[in-house]
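Not measured: the values here are computed from a predicted model. The figures that follow rest on heavy atoms only: side chains count, while hydrogens, waters and symmetry mates do not. Chain naming here is simple, since letters A, B, ... match the order of the sequence lines and numbering starts at 1 in each.
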Amino acid sequence: DWAYKPESSPGSRQIQLWHFILELLQKEEYQGVIAWQGDYGEFVIKDPDEVARLWGIRKCKPHMNYDKLSRALRYYYNKRILHKTKGKRFTYKFNFSKVVLVNYPLGERDGCGGKWHPLPTPMQAGPRGSGPA
DNA sequence: TGCGGAACGG
DNA sequence: CCGTTCCGCA
């Protein structure tokens with residue numbers, strides 16, 4: 001349920017930061033910059049600057065850096081999307097506690113405009129009208 | 001290094 | 001509403 005906005009405009013959802021992080025994590029080519037490590041949902045940013053740079057590209061924000069990116073991450077704390085794994089550097093944890101699993105659209109994006117190739121995701125069978133418990 | 005307030009823009 | 005930018009603080 002956390003993976004989207006149920007009451008928001010369907011279709012007009014921009015790339016959210018955690019979407020981006022998840023996508024980096026599910027790609028082995030980014031193991032050098034970000035990877036799962038430790039507990040379930042925990043990931044460590046090996047190259048904060050690189051992650052920030054890639055994120056900046058996706059958002060057309062060339063002046064992006066880990067400082068700002070982490071700021072956005074900190075906002076996620078209150079939203080219960082992310083938590084900080086203290087003690088470890090550049091290590092955060094996804095809050096999968098109430099998540100079934102990703103419904104977010106995977107696909108090939110092309111550069112900075114956010115041009116997605118619509119993949120025929122067969123797992124679009126999730127009940128969306130769930131109230132916030 | 002990591003946190004959070006404030007202001008601003010889409 | 002979400003993220004970006006900027007800054008002081010611990």
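Every residue meeting the side chain to side chain donor-acceptor pair (under 3.5 Å) condition with A:S70, not counting sequence neighbours, appears here in chain and number order: A:R74. When the side chain to side chain donor-acceptor pair (under 3.5 Å) test is applied to A:R89, no partner is found at least two apart in sequence or on another chain. In this structure, the ring pair (Phe, Tyr, Trp, His ring centres under 6.0 Å) partners of A:F90, at least two apart in sequence or on a different chain, are A:Y66. Remark: A:E42 pairs with A:K88 by the side chain to side chain donor-acceptor pair (under 3.5 Å) rule, at least two apart or across chains.
Between A:K68 and C:dG3 there is no side-chain polar atom (N or O) within less than 4.0 angstrom of OP1 or OP2. A:W55 has a side-chain polar atom (N or O) that falls below the 4.0 Å cut-off from OP1 or OP2 of C:dT4.
A:L17 comes within 4.0 angstrom of the backbone, heavy atoms only, and of no base.
The minimum heavy-atom distance linking A:N65 with A:A52 is given by the pair C-CB, 3.2 Å.
When each of C:dT4, B:dC3, C:dC2 is scored by its nearest atom to the side-chain atoms of A:K59, the top-ranked nucleotide is C:dT4. Between C:dT5, C:dG3, B:dG2, one nucleotide has an atom nearer to the side chain of A:M64 than all others, and that is C:dT5.
Taking atom CG on A:L69 and atom P on C:dT5, their separation rounds to 11 Å, with Å as the unit. The CD1 atom of A:I15 sits 11 Å away from the P atom of C:dT4 (whole-angstrom rounding). Between the C1' atom of C:dG3 and the OH atom of A:Y66 lies a distance of 16 Å, rounded to the nearest Å. In this entry the distance linking NZ of A:K84 with P of B:dT1 reads 11 Å, nearest Å. One can place NE2 of A:H83 at 16 Å from C1' of B:dG2, the figure rounded to the nearest angstrom. Between the P atom of B:dT1 and the CZ atom of A:F90 lies a distance of 5 Å, rounded to the nearest Å. Here the P atom of nucleotide C:dT4 and the CZ atom of A:F20 are 11 Å apart, to the nearest Å. Note: CD1 (A:I81) to C1' (C:dC1) measures 11 Å, nearest angstrom.
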Please tabulate, for the side chains in residues 43-51 of chain A, all donor-acceptor contacts under 3.5 angstrom to protein atoms that are two or more places apart in sequence or on a different chain.
from, atom 1, to, atom 2, distance (Å)
A:K46, NZ, A:Q31, O, 3.0
A:E50, OE1, A:R53, NE, 3.2
A:E50, OE1, A:R53, NH2, 2.2
A:E50, OE2, A:R53, NH2, 2.9

Close N/O contacts between protein and nucleotides 4-10 of chain B (under 3.5 Å):
from, atom 1, to, atom 2, distance (Å)
B:dG4, N7, A:R74, NH1, 2.9
B:dG4, O6, A:R71, NE, 3.1
B:dG4, O6, A:R71, NH1, 2.9
B:dG4, O6, A:R74, NH1, 3.2

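Between the side chain of A:K68 and the main chain of A:H63, a donor-acceptor pair closer than 3.5 Å is present.
Taking for each of A:N65 and A:K79 the nucleotide of DNA chain C with the nearest heavy atom, the 5'-most of the two is the partner of A:K79.
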